[in-house]
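What follows is a set of notes on a single structure, which appears directly below.
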Amino acid sequence: MINKRLLIKNISKIVTVDDEDRVLENQNIYIEDGIIQYIGTEMRMSDDIIDGRGMFAYPGLINTHHHNYQTFTRNLPQVQNMELFDWLKYLYRIWQELDQDIVYHSSMTAMGELLKYGCTTSFDHHYVYPKNSDDFIDAQFKAAEDLGIRFHASRGSMSRGVSDGGLPPDDLVQTTDKILMESERLVKKFHDSSKYSMKQMALAPCSPFSVTSELMRESAILGRKLGVRLHTHLAETLDEEKYCLSTVGMRPLEYMESLGWIGEDVWFAHGIHFNEQEIERLGKTKTGVAHCPVSNMKLSSGVANLPAMLRNNVPVGLAVDGSASNDSSNLMAEMRSAYLLHRLNFGAAAPTAYDILKIATKKGAKLLGRQDIGSIEVGKAADLFMIDTDRIELVGTLQDPKNLFGAVGYSSPVDYTIVDGRIIVKKGELLTIDEHDIVTRAGVHLNRMLKNII
């Protein structure tokens, strides 16, 4: 049952991630109809009460790039040492087996894991469409609704197959007309641009090496006509850079800009191989980047220049990327990896652990075009998570709650995840679904998908 009125009382520390970076002590949060209505020491009448003594509260984490369907191709021994292009070529053949049941259960698995580690909003980039796949996005929204997560889906696409000089097999690409028609249909069916929306859409052609120039250009025109954001992979590998130089005679960002893909309604996944001038251009045009540190390491793609992006005011969010290139859907673990990776590579110029938390919350909200989530403030959506600090692994770590997740790390499911004022996770367990039932059913569909390789 959705909590119409929820009071979280006596919270030891609230890391607000507001514009003043406040940490509030021993205060209450009162939530009504999914919105934070009051923060302070007063008690308010409510339908449900959580005792927050000994707990730290944080804004819900925001995942800005994912591929839910890849959850069913995690930890495959055949791809452990591959880099992106070879990795994709191998997996495309498995992903041809996707159907509505597989998409639904892989989405339940991916987003269920995200919720258990404090994520309250997730964006998914689905771009693989075998035959009879028109209901895939419907299945994703159904999974998100069943779980209770705030969900941004995309109508991804591939239109340049092997015979056209692209990377994906020809039977996984679609015509430009088909893609644009489906894109418009899905935006009109699902996109809700209102404040506190639980579901939104974006248009997301896959990448320069799997999409024609025509589709990229027409998607930008259609997306702006429909009022939705634009997303694609870019500057992920040097192979992609070589591909763009050899096929269109331009570096990836220059190519995207020539097709209308730049501006504050655009964000790219990865952005590892942008040079200094390109990062300056991103900042000036307010074009965003979803930073995927673990995937970038797993596929040996490189290290994004996050300090330069932040210095140039590039909008940046954090992301787990595809489960098959991570191999988890744990944004909390991603925060520590991001912090340590950039400390190792950039030293004193690296972002602090709290900077990483802001990227995973407030800045991620901005990347998705939202001002109603990303911090704990009156008037914001009631999306937050809490951890009980009374545990042995946190002894001696509580002096600086803002930097906790990057500097120390936290490996357990959270004690509470609240989305839209609704308790979704309690004491590390999902309340909205029967986890064991989902695990069993997911296993059946996973084995069916992998039948030819296991």
Side-chain angles (χ1 to χ4, degrees), residues 6-31 36 38-43 49-62 113-120 293 318 328 330-344 348 350-364 374-378 380 382-419 423-429:
L6 174 64
L7 177 68
I8 312 171
K9 65 178 184 178
N10 304 322
I11 306 168
S12 292
K13 291 187 179 176
I14 303 170
V15 180
T16 63
V17 195
D18 64 7
D19 290 341
E20 298 173 4
D21 297 318
R22 293 181 301 160
V23 177
L24 308 176
E25 297 189 19
N26 301 316
Q27 295 200 19
N28 309 322
I29 299 175
Y30 173 71
I31 297 162
I36 298 172
Y38 171 78
I39 302 173
T41 57
E42 293 179 16
M43 300 293 284
I49 297 175
I50 297 173
D51 190 344
R53 282 178 296 183
M55 292 194 178
F56 287 0
Y58 296 85
L61 305 179
I62 297 171
E113 183 179 359
L114 284 164
L115 283 162
K116 291 182 71 163
Y117 290 92
C119 178
T120 55
L318 195 64
S328 73
N330 184 337
L331 202 58
M332 191 171 291
E334 202 79 25
M335 284 193 287
R336 187 156 203 249
S337 295
Y339 169 69
L340 294 175
L341 173 67
H342 295 295
R343 284 288 298 156
L344 175 65
T352 67
Y354 181 53
D355 290 331
I356 299 296
L357 176 64
K358 288 194 284 188
I359 289 169
T361 52
K362 181 167 61 179
K363 292 189 176 185
S375 60
I376 299 178
E377 299 179 77
V378 171
K380 290 290 184 78
D383 293 4
L384 58 103
F385 72 92
M386 299 194 299
I387 61 168
D388 188 344
T389 61
D390 186 18
R391 56 187 72 202
I392 198 166
E393 61 266 36
L394 292 179
V395 171
T397 71
L398 305 179
Q399 293 80 10
D400 188 355
K402 292 197 294 187
N403 285 291
L404 178 64
F405 299 115
V408 178
Y410 187 82
S411 58
S412 301
V414 301
D415 292 281
Y416 286 94
T417 301
I418 295 169
V419 186
I423 302 171
I424 306 297
V425 173
K426 183 177 180 180
K427 298 189 184 303
E429 294 292 327

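Only a predicted model underlies this, so the values are computations on that prediction, with no experimental measurement involved. Note that the numbering runs from 1 along the sequence shown for the chain.
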Inspect the contact between K362 and D19 and indicate whether a charged nitrogen and a carboxylate oxygen are less than 4.0 angstrom apart. yes
Given side chain to side chain contact (heavy atoms under 4.5 Å, CB included), test I8 with I31 step by step and report yes or no. CA-CA 8 Å; I8 312 171; I31 297 162; 4.2 Å; yes
Rounded to the nearest 0.5 Å, the CG atom of D21 sits from the OG1 atom of T16 at a distance of 7.0 Å
Could you tell me which non-hydrogen atom of L318 sits nearest to which non-hydrogen atom of A338, and how far apart they are? CD1-CB, 4.2 Å
How long is the gap from NZ on K402 to OH on Y58, to the nearest 0.5 Å? 11.0 Å
Which atom pair, heavy atoms only, marks the closest approach of D388 to M55? CA-CG, 4.0 Å
Please walk me through it: do V15 and Y354 pass side chain to side chain contact (heavy atoms under 4.5 Å, CB included)? CA-CA 10 Å; V15 180; Y354 181 53; 4.3 Å; yes
Between OH on residue Y410 and CZ on residue R336, distance to nearest 0.5 Å: 14.5 Å
What's the shortest heavy-atom distance between Y117 and V414, and which atoms? C-CG1, 4.0 Å
Which atom of T361 lies closest to which atom of G374, heavy atoms considered: CB-O, 3.5 Å
Any chance you could lay out the side chain to side chain contact (heavy atoms under 4.5 Å, CB included) test for I39 and V378, step after step, and finish with the verdict? CA-CA 7 Å; I39 302 173; V378 171; 4.2 Å; yes
Residue R53 excluded, over 12 heavy atoms near CZ under 6.0 Å: no
What are the two closest heavy atoms between A353 and G406, and how far apart are they? CB-CA, 3.7 Å
Quick check: closest heavy atoms across L404 and I387, and the distance to 0.1 Å? CD2-CD1, 3.8 Å
Check for a donor-acceptor pair, side chain of N26 on one end and backbone N or O of N10 on the other, with a separation under 3.5 Å. no
Using a 4.5 Å cut-off on heavy atoms from C-beta on, say whether the side chain of S412 contacts that of R391. yes
Taking the side chain as C-beta and beyond, is there a heavy-atom pair between E113 and N330 under 4.5 Å? yes
Should P413 and V425 count as side-chain neighbours, where that means a heavy-atom distance under 4.5 Å? no
Distance in Å, I29 CD1 paired with I11 CD1, rounded so as to fall on 0.5 Å steps: 3.5 Å
Is the shortest side-chain heavy-atom distance between E377 and I36 below 4.5 Å? no
Checking Y339 now: which residues fulfil ring pair (Phe, Tyr, Trp, His ring centres under 6.0 Å) with it, not counting sequence neighbours? none
Between F405 and F385, ring centroids under 6.0 Å: yes
May I have the step-by-step check of side chain to side chain contact (heavy atoms under 4.5 Å, CB included) for I376 and L24, ending in yes or no? CA-CA 10 Å; I376 299 178; L24 308 176; over 6 Å; no
Neighbour count >12 (heavy atoms, 6.0 Å) for atom CG, D390: no
Once rounded to the nearest 0.5 Å, what's the spacing between atom OH of Y416 and atom CG of L384? 11.5 Å
Using side-chain heavy atoms (C-beta onward) and a distance below 4.5 Å, is T389 in contact with K13? no
Measuring from M335:CE to I359:CD1, what's the distance to the nearest 0.5 Å? 11.0 Å
Apply the side-chain contact (heavy atoms from CB on, under 4.5 Å) test between T120 and each candidate in T417, L61, I418, I424; give the one that qualifies. T417
